[in-house]
Visitor: 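Structure provided below as structure tokens; questions to follow.
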Amino acid sequence: MKTAQGSSTVAMITTASIIAPLLGTLGLDSETMRVFAVLATGAGAMAVSHANDSFFWAVTQLSGLSIKQGNQSHSLGTFIMSITAISMIYLISLFVA
């Protein structure tokens, strides 16, 4: 969602609007699982920041990166952060839930 349209805030709100009514159906209706759903939404919102994201431009311009360097480092970095975060959330949910 975030990668396609660019805004983390809009992606989180849209995802929450889609997922909230489905929490019970997905088996995520306990308080703990709701917390994990919110954390997963946040992890997804930071995935793949690129040229259609204002955060990408703030980072590249303030750090003096070219667009190519920004795509290689910042976009890859946010992808790794997101995958790491969602993996950790999943692992923690296996022990807590």
Visitor: Restricting to non-hydrogen atoms, name the atom on P21 and the atom on A16 that form the minimum distance, rounded to 0.1 Å.
Guide: CD-O, 4.5 Å
Visitor: How many angstroms lie between CD in Q72 and OG in S66, if you round to the nearest 0.5 Å?
Guide: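 Spacing of CD (Q72) from OG (S66) equals 7.5 Å.
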Visitor: Spell out, yes or no, whether L65 and F56 are grouped together once hydrophobic residues are joined by side-chain heavy atoms under 4.5 Å, including indirect joins.
Guide: no
Visitor: Check for me, please, whether V38 and V10 land in the same ILVMFWY cluster - side-chain distances under 4.5 Å, paths through other members count.
Guide: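 No; tracing contacts between hydrophobic side chains, which count when under 4.5 Å, never links both residues.
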Visitor: How long is the span from the OG1 atom in T84 to the CD1 atom in I89, to the nearest 0.5 Å?
Guide: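 Taking OG1 in T84 and CD1 in I89, the distance rounds to 10.5 Å.
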Visitor: Look up atom OG in S87 and atom CD1 in I92, then write down how far apart they are to the nearest 0.5 Å.
Guide: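 Answer for the OG-CD1 pair, S87 versus I92, is 11.0 Å.
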Visitor: Between the side chains of S49 and H74, does any donor sit under 3.5 Å from an acceptor?
Guide: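 There is such a pair between these side chains.
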Visitor: What closest approach, in Å, do L28 and R34 show between heavy atoms, and which atom pair accounts for it?
Guide: O-CG, 3.6 Å
Visitor: At what distance, to the nearest 0.5 angstrom, does CD1 of I86 lie from OG1 of T41?
Guide: 8.0 Å
Visitor: Under 4.5 Å between any side-chain heavy atoms of T78 and M46, yes or no?
Guide: no
Visitor: Hydrophobic cluster membership, with links at side-chain heavy-atom distances under 4.5 Å among I/L/V/M/F/W/Y: are V48 and M12 in one?
Guide: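 Shared cluster, no.
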Visitor: Out of curiosity, W57 CH2 to I67 CD1, how far, rounded to the nearest 0.5 Å?
Guide: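 Rounded to the nearest 0.5 Å, the CH2-CD1 separation comes out at 3.5 Å.
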Visitor: Is it the case that one hydrophobic cluster holds both L26 and M33, taking links as side-chain heavy atoms less than 4.5 Å apart, direct or via other members?
Guide: yes
Visitor: Between F36 and V96, which heavy-atom pair has the shortest distance, and what is it?
Guide: CZ-CB, 4.1 Å
Visitor: With rounding to the nearest 0.5 angstrom, report the OG to CE distance, S93 to M88.
Guide: 11.0 Å
Visitor: Looking at A45 and S8, what are the two nearest heavy atoms and their distance?
Guide: O-OG, 2.9 Å
